[in-house]
Amino acid sequence: MLLRAYEVYGGETPKNTAAPDYSDFDAVDDWARSSVATLSQWGVMNGSEEGSFSPQGLYTTEQCLVTFLRTDLTGRGGRSASYTYFVYQEGGIKSVDLGLHRIQSGLVETDTISDCFFDDTGRIFCCTITFLTDVVYSYPEQEEPVVSVKQGHYFTTTDTDPLACTHVWSPL
């Protein structure tokens with residue numbers, strides 16, 4: 001479903017992606033194999049630490065959010081940390097700007113989003129966003145470039161009601 005959504009929004013998918021090295025890849029249904037291979041190659045889906053994909057296993061809310069965050073639905077390539085979307089089982093969707101991004105390009109391949117989870121109440125969403133390099137911009141009206149995001153780890157906490165986001169930075 002993620003790859004189909006990506007294609008609907010104009011993203012181009014590669015043809016003939018190599019099968020990932022999951023120990024249970026043969027259990028993936030035929031109709032889903034190429035999508036699983038592509039999303040695995042892009043780092044959207046990584047399987048378990050034991051090397052399996054678990055196609056018949058449960059897909060948790062946290063896994064859903066992580067894969068959604070890793071999938072760029074704009075079709076421009078790359079991944080975006082600018083906006084996160086929360087879709088609720090009882091209906092509705094909310095978006096929040098995490099405030100950490102590269103202007104016009106979201107994240108680049110060296111940036112990562114990890115350790116995503118909701119707290120026990122389901123109201124607080126947490127994740128770690130890591131920038132391996134400073135995000136630097138030059139503006140015509142300023143002599144020196146501006147660092148808009150320092151390299152490091154950003155532990156991000158989002159309160160889904162009222163959609164407030166905070167960051168705690170730590171160096172690499």
Side-chain angles (χ1 to χ4, degrees), residues 1-89 93 95-96 98 100-102 104-120 122 124-135 149 151-158 167 169-172:
M1 290 189 309
L2 281 171
L3 200 57
R4 288 180 185 157
Y6 177 81
E7 291 169 342
V8 165
Y9 278 89
E12 294 184 25
T13 56
K15 305 297 181 228
N16 303 322
T17 305
D21 192 23
Y22 297 127
S23 60
D24 58 354
F25 188 67
D26 59 333
V28 175
D29 287 335
D30 290 341
W31 62 268
R33 284 179 182 251
S34 66
S35 295
V36 170
T38 297
L39 292 171
S40 295
Q41 178 182 331
W42 290 350
V44 172
M45 300 180 113
N46 297 318
S48 71
E49 292 177 2
E50 298 84 31
S52 67
F53 186 72
S54 301
Q56 304 302 319
L58 295 177
Y59 190 57
T60 67
T61 302
E62 290 82 5
Q63 288 171 317
C64 179
L65 288 168
V66 168
T67 56
F68 189 78
L69 287 170
R70 291 176 180 163
T71 305
D72 173 30
L73 295 180
T74 65
R76 292 188 299 247
R79 295 173 283 166
S80 176
S82 300
Y83 287 92
T84 300
Y85 298 91
F86 297 110
V87 180
Y88 295 87
Q89 286 181 330
I93 185 169
S95 66
V96 61
L98 293 177
L100 295 170
H101 50 85
R102 296 174 185 271
Q104 298 177 342
S105 67
L107 295 177
V108 297
E109 290 302 314
T110 57
D111 304 328
T112 60
I113 299 174
S114 60
D115 305 322
C116 298
F117 65 93
F118 275 96
D119 73 353
D120 293 337
I124 307 296
F125 176 71
C126 303
C127 66
T128 301
I129 302 174
T130 302
F131 289 85
L132 294 182
T133 60
D134 289 341
V135 179
V149 179
Q151 76 175 21
H153 304 286
Y154 291 82
F155 181 72
T156 303
T157 303
T158 303
H167 308 287
W169 175 83
S170 69
L172 295 176

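Both backbone and side-chain heavy atoms feed into the values below; hydrogens, waters and symmetry mates do not. Just so it is clear, the model here is predicted, and its values are computed rather than measured.
Considering only heavy atoms from C-beta on, Thr130 comes within 4.5 Å of Leu172 through its side chain. Side-chain contact between Leu39 and Thr67: absent, with no pair of heavy atoms (C-beta onward) separated by less than 4.5 Å. With contacts defined as side-chain heavy-atom distances shorter than 4.5 Å, the pair Ser54/Asp24 qualifies. The side-chain heavy atoms of Phe118 and Thr60, taken from C-beta on, include no pair separated by under 4.5 Å. In this structure the side chain of Val36 reaches within 4.5 angstrom of the side chain of Phe25, judged on heavy atoms.
Remark: Phe125 CZ to Asp119 CG distance equals 11.5 Å, nearest 0.5 Å. One finds the NE2 atom of His167 at 12.0 Å from the OG1 atom of Thr128 (value rounded to the nearest 0.5 Å). Here Phe117 contributes atom CZ and Ile124 contributes atom CD1; the two are 10.0 Å apart, rounded to the nearest 0.5 Å.
Using bins of under 30°, 30° to 60° and over 60° for the plane-to-plane angle, the ring pair Phe53/Tyr22 lands in the tilted bin. Ring orientation note: the planes of Phe131 and Tyr154 are nearly perpendicular, at an angle over 60° on the 30°/60° scale.
Side chain to side chain, Ser52 and Glu50 fail the donor-acceptor criterion of an N or O pair below 3.5 Å.
Counting all heavy atoms, side chain and backbone alike, Leu58 lies closest to Gln63 at O-OE1, 3.5 Å. The minimum heavy-atom distance between Cys116 and Cys127, with the atom names listed, is SG-CB, 3.4 Å. Across Thr17 and Gln41, no two heavy atoms sit closer than the pair CG2-OE1, 2.7 Å.
Within the structure, the salt bridge (Lys or Arg N to Asp or Glu O under 4.0 Å) test picks out the following pairs touching residues 27-42 (sequence neighbours left out): Asp30-Arg33.
Around CG of Asp21, the count of heavy atoms belonging to other residues, nucleotides or ligands within 6.0 Å does not exceed 12.
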